[in-house]
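Note that this is a predicted model, so its numbers are computed, not measured. Computed from heavy atoms alone, side chains included, the values below leave out hydrogens, waters and symmetry copies.
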Amino acid sequence: MNRLASPLRIRAFVWSGVAAFVGAVIVVSALLAWNARQVALADSEAQAARFVAGAEAALNRSLLGVDVLLAGMEDLLGLSDKQPGEIDARAAGARLRSAALQNLMVRYAALLDVQGRVLVSSDAASARLASRLPAGFLEAVASQPISTLMISAPVVSFASSERVLYLARQLRLADQSVAVAIAEVPVVAITNVLIQGVEIRGLQVTLERAGGQLLLSAPNRDDTAATTLSPTLDELAAQRLQWDSPARLTREPALVVYRPILYQDLRIAASIPLDDALQTWHGQRNTIALTAFVFVAMIVLAGVLALQYLERLSQARLDIARSKATLDQALQSMVSGFLVLDSRHEVVQWNHQFDEIFPWLRDLMTRGLPFRQLLEADAVQQLPGASPETRAHWVQERLKQQMHHSDSHEQVQPSGRTIQITERSTPDGGLVITYHDVTALRQANAEIESLAFYDPLTNLPNRRLLMDRMQHAVAASVRSGQYGALLFLDLDHFKTLNDTLGHEVGDALLRQVADRLKACVRREDTVARLGGDEFVVMLNEVSSHRDEAAAHARKVAEKILRRLNLPYSLGTHMHHSTPSIGITLMGGSQQQSVDLLKEADIAMYQVKSQGRNGMCFFDPEMQVAISARARLESDLQTALTGRQFELHFQPQFNLAGRIVGAEALIRWRHPERGLLTPGGFIGVAEESELIVPIGHWVLRTACEQLAAWTSDPRYRHVQVSVNVSARQFRQRDFVARVVEVLRETGARAHLLKLELTESVVLDNVDDTVNKMGLLKTKGVRFSLDDFGTGYSSLAYLTRLPLDQLKIDQSFVRNLGVRHTDDVIVQTIIGMARNLELDVIAEGVETQVQKDTLADYGCQLFQGYLMGRPQPASELEVMLQTAAFAPVPAPAVIPGPSPMPSASAQG
């Protein structure tokens, strides 16, 4: 609206809108009320139909049961073989009583002759039955040409003073004389069958004949015996009345639904009065009316407020028009490009400088243009030759930047211009975007930074930037406890190359060396050139252990040596160059960058003095340790292929001193150092990834021994425990490999127990539970090794399918010495008992330790007190001389077969 529109037209427009909305609310409310009424009636109709169908089925079943009882009296009493005077009333009555008791609806049953005399009765009270029957009922049954079930009118029982119905059927004796089988059924029993416990408001149920005679009703009427309802149900159906039909009992407007039953032209009718069907709807109607009234009041109030708002808006638009004219003049004089978007991110305004920055968008610019469409057109220019998918991704990333417009960002155009883009929100949800050309500023900054921090020949960080990064790396190392390494490189005989082939060839070599060095390290590491042919490689945060960090630095240095020893193509010349590398470690304490460089430089000159083309650590002792470690790793490779490993077995005993199993322990028969225990080589195996093939060898060898013992009844029940390393357990095919070893060796799975440490379990609990579950289905058992050294696993004990907990020897060693260790051992044993797990203590070396553990409830023991690790042959001798307690095989839990990609270890 504006000032040109008269106040009268404004008011007419507003009140017309109010009237239209009010009319719509009234119409909608009426439709809702009418629809709710139809839904209520439809629900009542469905209820009535379901009730009558259920009542018909229930009554048919009940009457059929009585009919079967009456028809079966002929066979039950053997009437086809007896004359009227030959029936044994007492014996027949007992049989009839037994049959009648099986039908809950029948009070008693009897057999009468045509004169009404009782021939057989299930109850002595039925002796005067003929006098109780409705007049003419007995004659009607006896005169039937074909025997069918007949139902009498309701009468009052003299014995119980309640309404009853008599159901009768004609039977024939041996002389073809007629007898009548009678059953007395209380009306209330039939009524219960009809009602079926259904609760429908106002429901009226009747059982009546086709002529309208009412046999029973619910609610009950005292005059049922004398009542004939009019009109009949057939007449009512012919009139096609719905909710205007008279209820069968109260005659008020209602819905009447009926269905015939199987016997004697009877009908079941259900009447639901209209008022009862609409009782819930009345409340809905009132609620709708009240809601409509509230909406009408709100619409009228909104009309009043709208009139006030439009009058203010008219004045505000005049003020905005004046301000906009002033703003347009200011925007056109801006040095930066300017673009305004509304709340829907459509173009509202832009200035001349925007067209200068984006000339390819000049013909597209128009008010109301979506910003996305503007970006799509810009993407064609920004990404020439790119695919539609790449441009769409560019547009999407630009829109994501727009969602976080607290900071400025930059866009480099194909022409090389750098545009700084700043976005700020407007109060109405729109956006103000400014575009500033900062090309000259960025070029100047880049040139300054490059000259200050980078080597112009190789584009690597120079000494200044390296020293800064080293200072930050040392400080971070002190905080995190992670060690780093510094590698100082010098090219051998580089001066000779410069003197013979010239500095240009020397520069080409330096550039290729720089490229090869960058390819040898991680992205977070630093490769720098100090000057001439000197380079430095800084390895950040390698390991928290000094020896592991040294080992990693050695591997990187070896990789650099291999790469830099490859031939170089220098124009027409093929050149071979070698480096000398000095290494020092960073971390552990605050160190000066200059001192670290000096240490690496000293180590590098040590290499020079020893013949070049090699590496050396600044610390001579570390160099010895690194060399020994490398030699041990090489020897382990040889041991795997040269069959130098052996498997020893340490027996495990129960409280009575009987052997219950053994733990498989690897030994290395070193050709020079003799027999080595795992402590001397397992750590190196784990770090070099040799632990996986070694662990697989242990698993297979243990299973082969199990299979060999199976054929000998003296050893066939020996259970063997195998330790599993974390790296081996995390292999994807671990489960498949365990299953394959069991299948190939023929070892019985329930005799194999895999020992896992807490670190393995907690690394990935879901993966651990899955793998253990798959192996448990095959019969493999599990023990949690070194239990108690890490308390975080306690929360997962109930999830893990464990069989045994193993108390760590560090707790056993301090029993009776440190009170806390006694408490921990007691807690572990009590916890295992509650979880129904076995407990075994390892490292038992004294009788006092064993007795203390036994007092705390421990039943299984392993240690030097009872037996040391020994070859299988010696364990067999021990088994022959010592008592042995066999371990029963567990039931294999049915489950899925392990997938080929599951991991295996042992």
Side-chain angles (χ1 to χ4, degrees), residues 40-67 105 134 137 148-155 162-167 185-279:
L41 294 179
D43 288 344
S44 295
E45 289 180 18
Q47 285 182 320
R50 286 195 301 270
F51 170 78
V52 170
E56 176 201 359
L59 188 57
N60 281 336
R61 285 194 301 271
S62 299
L63 294 182
L64 182 60
V66 178
D67 193 11
M105 289 186 59
F137 178 67
T148 59
L149 182 70
M150 293 189 64
I151 303 174
S152 73
V155 296
E162 61 179 340
R163 291 183 180 277
V164 297
L165 293 176
Y166 290 100
L167 282 67
V185 178
V187 170
V188 67
I190 301 179
T191 303
N192 290 337
V193 171
L194 287 175
I195 295 303
Q196 312 165 63
V198 174
E199 294 184 4
I200 301 177
R201 185 187 300 276
L203 177 66
Q204 302 173 20
V205 184
T206 59
L207 178 64
E208 52 190 277
R209 301 188 191 276
Q213 182 182 5
L214 181 63
L215 299 184
L216 57 86
S217 65
N220 186 39
R221 290 180 50 164
D222 295 336
D223 57 344
T224 302
T227 300
T228 299
L229 302 179
S230 178
T232 65
L233 291 172
D234 293 340
E235 293 172 347
L236 199 62
Q239 298 176 13
R240 293 187 172 276
L241 299 177
Q242 285 287 330
W243 286 97
D244 294 333
S245 302
R248 300 303 286 168
L249 298 179
T250 61
R251 313 301 296 172
E252 59 185 310
L255 172 70
V256 179
V257 179
Y258 79 94
R259 295 186 68 163
I261 66 173
L262 293 175
Y263 295 100
Q264 208 174 356
D265 204 17
L266 297 182
R267 277 103 168 103
I268 298 173
S271 304
I272 300 180
L274 180 61
D275 289 341
D276 290 305
L278 294 178
Q279 185 169 1

(request) With rounding to the nearest 0.5 Å, note down the distance linking CZ in R50 to CD in E45. (result) 11.5 Å
(message) Would you compute the distance between atom CD1 of I268 and atom OG1 of T206 and round it to the nearest 0.5 angstrom?
(response) 9.0 Å
(request) Over all heavy atoms of both residues, which pair between M150 and F137 is shortest? Give the atoms and the distance, please. (result) O-CZ, 3.8 Å
(request) Working to the nearest 0.5 Å, report the span between CZ of R201 and CD of Q47. (result) 10.5 Å
(message) When you measure from the side chain of N60 to the backbone of L262, do you find a donor-acceptor pair of N or O atoms at a distance under 3.5 Å?
(response) yes
(request) State, to 0.1 Å, how close L249 and P219 come at their nearest heavy-atom pair, and which atoms those are. (result) CD1-O, 3.8 Å
(message) Testing the basics here: between A247 and A254, what is the closest heavy-atom pair and its distance to 0.1 Å?
(response) CB-CB, 3.8 Å
(message) In the structure I gave you, are the side-chain heavy atoms of P273 and Q204 within less than 4.5 Å of one another anywhere?
(response) yes
(request) Mind running side-chain contact (heavy atoms from CB on, under 4.5 Å) on R267 and T232 for me, showing each step along the way? (result) CA-CA 10 Å; R267 277 103 168 103; T232 65; over 6 Å; no
(message) Do L59 and L266 have side chains that approach each other closer than 4.5 Å (heavy atoms only, starting at C-beta)?
(response) no
(message) Is the shortest side-chain heavy-atom distance between L274 and L255 below 4.5 Å?
(response) no
(request) Looking only at non-hydrogen atoms, find the nearest pair between A270 and V52 and report the distance. (result) CB-CG2, 3.4 Å
(request) Would you mind reporting whether R248 and L214 have side-chain heavy atoms less than 4.5 Å apart? (result) no
(request) Kindly compute the distance separating CG (N192) from CE (M105), expressed to the nearest 0.5 Å. (result) 9.0 Å
(request) Looking only at non-hydrogen atoms, find the nearest pair between A218 and T191 and report the distance. (result) CB-CG2, 3.9 Å
(message) If you define the side chain from C-beta out and look only at heavy atoms, does anything of L233 sit under 4.5 Å from V256?
(response) yes
(message) Would you say that L64 contacts L149 through its side chain, given a criterion of any heavy-atom pair below 4.5 Å between the two side chains?
(response) no
(request) Mind checking the CG-CG spacing from L165 to L207? Nearest 0.5 Å is all I need. (result) 7.5 Å
(message) Are more than 12 heavy atoms, taken from residues, nucleotides or ligands other than R251, located less than 6.0 Å from that residue's CZ atom?
(response) yes
(message) How long is the straight-line distance from CZ of F51 back to CD1 of I195, given to the nearest 0.5 Å?
(response) 4.5 Å
(request) Over all heavy atoms of both residues, which pair between I272 and W243 is shortest? Give the atoms and the distance, please. (result) O-CZ3, 3.3 Å
(message) Do V193 and L63 have side chains that approach each other closer than 4.5 Å (heavy atoms only, starting at C-beta)?
(response) no
